[in-house]
Chemist: 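Let me begin by handing over the structure; questions about it come next.
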Amino acid sequence: MRSTLQHQFVRFRVPEHVMSDRPFKPRAKEHLEACLPCQAEVANYRMLSRVLRSMRDSKEAAPPGLVLRVMANLSRPLTEDHRRFDPVVVIASVVVVGAAMALLGRHRLRPAS
Amino acid sequence: MKPQRVEPDEIEALVARAQEGSSEAFEKLVEAHQHEVFGLALRLVVDRELAADVSQEAFIRAWRALPRFRGDAAFSTWLHRITVNAAWTLKKRKTRHAALSLDESPETADPRRGSDPERAGETVELRRKLSAALGNLNHAQRSVVVLKDIYGWTHNEVAESLGITVTAAKVRLHRAHLNLREQLHEPEEER
């Protein structure tokens, strides 16, 4: 029972340890030395890690004309509208609304003559 | 593809000129970085057409944000972060999830790279399978694998760039690893 729990515990942690090059703790190491399925799992993730890292070196050619497309579109609006929360507009709106409310309040407080 | 070799000093000078508004300097920066930006975009969105749009969007965003670039990180690192954000925005807009066919694999592995021909062949085959497996991950999981495992970002950088917590990034990565493992290998017999 204890062995099964240890096996599940180690197996669950194999990906994060192998993919991040983190060493196993002594008890986990002890289990790994005796457990063939876990050793196979470590080998699988080592290979996965190695191949993923090697993918960085393989460059992909950008499509022809990308530079021209970029330069021709430098002044066009962005896909996401970043001006939605333009701070100048927000502050100006707050000031205008605040001033209007203050004026309205003063007007109401003034005693009727 | 002819990779544009530009020295770091030259990049710095071009960035400084582009920050002053020189579109010619910026054009040279685009020429120098187009392949790496497109490569990252392609790995993130797994669709050549969309990756071209993402690259274009990223460069335009970079041009707009250049005045705020302080050089705390390398220009290419900064550009990569913008590319990740652009990929996220454009991918959200895209409803179609194009799966990468094996023939369209972005990997151009060089079997001569390894000293052991058998291992090199195995790596090429595994890369081909892995490209397809990455294409089957959802965008959220694929992003963390690409940024952490392929590009070597830290958990903090991945989390910050994707707007999630470090814990969420780790959980997402763990699930992605299990998913890839499942796709690449037959399940081992439980003891």
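Letters A, B, ... mirror the listed sequences (proteins, then strands); counts begin at 1. Both backbone and side-chain heavy atoms feed into the values below; hydrogens, waters and symmetry mates do not.
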Chemist: For B:I60 versus A:N73, what's the shortest heavy-atom pair and its separation?
Modeler: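 For B:I60 and A:N73, the tightest heavy-atom pair comes out as CD1-O, 3.4 Å.
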
Chemist: Please give me the minimum heavy-atom distance between A:L74 and B:R64, naming the atom from each residue.
Modeler: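 That closest heavy-atom pairing would be O-NH2, 2.8 Å.
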
Chemist: What do the steps show when you test A:E41 against B:R181 for salt bridge (charged side-chain N to carboxylate O under 4.0 Å, His left out), and what is the final call?
Modeler: CA-CA 9 Å; A:E41 196 71 347; B:R181 157 77 179 77; 2.8 Å; yes

Chemist: Indicate if B:V144 and B:W88 have the same hydrophobic cluster label, given that clusters are the connected sets of ILVMFWY residues with side-chain heavy-atom separations under 4.5 angstrom.
Modeler: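 They do not share one cluster, since no chain of ILVMFWY contacts under 4.5 Å joins B:V144 to B:W88.
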
Chemist: When hydrophobic residues are tied together by side-chain contacts of less than 4.5 Å, even through go-betweens, does B:L178 share a cluster with B:L147?
Modeler: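 Cluster IDs for B:L178 and B:L147 match.
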
Chemist: Distance from B:L126 atom CG to A:L52 atom CG, nearest 0.5 Å?
Modeler: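 The CG atom of B:L126 sits 8.5 Å away from the CG atom of A:L52.
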
Chemist: Is B:H177 in contact with chain A via its backbone, its side chain, both, or neither, using a 4.5 Å heavy-atom distance?
Modeler: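 Backbone plus side chain of B:H177, per the 4.5 Å heavy-atom cut-off to chain A.
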
Chemist: What pair of heavy atoms forms the shortest contact from A:M71 to B:F26, and how long is it?
Modeler: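 Answer, listing the atom of A:M71 first, then B:F26: SD-CD2, 4.1 Å.
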
Chemist: May I ask you to check whether over 12 heavy atoms, not counting those of B:R175, lie within 6.0 Å of atom CZ?
Modeler: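 Result for CZ/B:R175: open.
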
Chemist: Taking the side chain as every heavy atom from C-beta outward, state whether B:D53 and A:R69 have any atom pair closer than 4.5 Å.
Modeler: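 Yes - at least one pair of side-chain heavy atoms lies under 4.5 Å apart.
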
Chemist: Given that the side chain runs from C-beta out, which part of B:L134 has a heavy atom under 4.5 Å from chain A: side chain, backbone, both or neither?
Modeler: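 B:L134 touches chain A through side-chain heavy atoms alone.
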
Chemist: Between A:L48 and B:Y151, is there shared hydrophobic-cluster membership here, with clusters defined by ILVMFWY side-chain heavy atoms closer than 4.5 Å?
Modeler: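 Both belong to a single hydrophobic cluster.
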
Chemist: Can you tell which part of B:K148 gets under 4.5 Å to a heavy atom of chain A, answering side chain, backbone, both or neither?
Modeler: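 Interface part for B:K148: side chain.
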
Chemist: Just wondering, do B:E49 and A:P63 contact through their side chains at under 4.5 Å, heavy atoms?
Modeler: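 No, side chains not in contact.
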
Chemist: Relative to chain B, which segment of A:Y45 carries a heavy atom at a distance below 4.5 Å: side chain, backbone, both, or neither?
Modeler: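 A:Y45 touches chain B through side-chain heavy atoms alone.
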
Chemist: Can you name the nearest heavy-atom pair linking A:P15 to B:H174, along with the distance?
Modeler: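 Taking A:P15 first and B:H174 second, the nearest heavy atoms are CG-CE1, 3.9 Å.
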
Chemist: Taking B:V146's backbone N and O only, do any of them form a donor-acceptor pair with A:R56's side chain (distance below 3.5 Å, no angle check)?
Modeler: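 Checking the backbone N and O of B:V146 against the side chain of A:R56, no donor-acceptor pair under 3.5 Å is found.
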
Chemist: If I compare all heavy atoms of B:R48 with all of A:A61, which pair ends up nearest, and what's the gap?
Modeler: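 For B:R48 versus A:A61, the nearest heavy atoms are NH2-O, 3.8 Å.
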
Chemist: Does A:D21 have any side chain to side chain donor-acceptor pair (under 3.5 Å) partners at least two apart in sequence or in another chain, and if so, which?
Modeler: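 With neighbours one apart ignored, the set is A:R53.
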
Chemist: Decide yes or no on salt bridge (charged side-chain N to carboxylate O under 4.0 Å, His left out) for B:D149 and A:R50, but give the supporting numbers first.
Modeler: CA-CA 9 Å; B:D149 295 331; A:R50 182 169 56 78; over 6 Å; no

Chemist: Any salt bridge linking B:R43 with A:E60? Criterion: basic side-chain nitrogen under 4.0 Å from a carboxylate oxygen.
Modeler: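 Judged by the 4.0 Å cut-off on N to carboxylate O distance, B:R43 and A:E60 do not form a salt bridge.
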
Chemist: Could you report the tightest heavy-atom contact between B:A52 and A:L66, atom names first, then the distance?
Modeler: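 Closest approach of B:A52 to A:L66, heavy atoms only: O-CD1, 3.8 Å.
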
Chemist: Rounded to the nearest 0.5 Å, how far does CE of A:M47 lie from CG of B:L130?
Modeler: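 Interatomic distance, B:L130 CG to A:M47 CE, rounded to 0.5 Å: 11.5 Å.
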
Chemist: Within a reach of under 6.0 Å around CD of B:Q19, are more than 12 heavy atoms found that belong to other residues, nucleotides or ligands?
Modeler: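 It does: B:Q19 CD has more than 12 such atoms within range.
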
Chemist: Applying side-chain contact (heavy atoms from CB on, under 4.5 Å) to A:V67 and B:F59, what does each step give before you reach the verdict?
Modeler: CA-CA 9 Å; A:V67 180; B:F59 281 119; over 6 Å; no

Chemist: Quick one: side chain to side chain donor-acceptor pair (under 3.5 Å) partners of B:E27, sequence neighbours excluded?
Modeler: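 Testing B:E27 for side chain to side chain donor-acceptor pair (under 3.5 Å), a comparison that skips the adjacent residues, returns none.
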
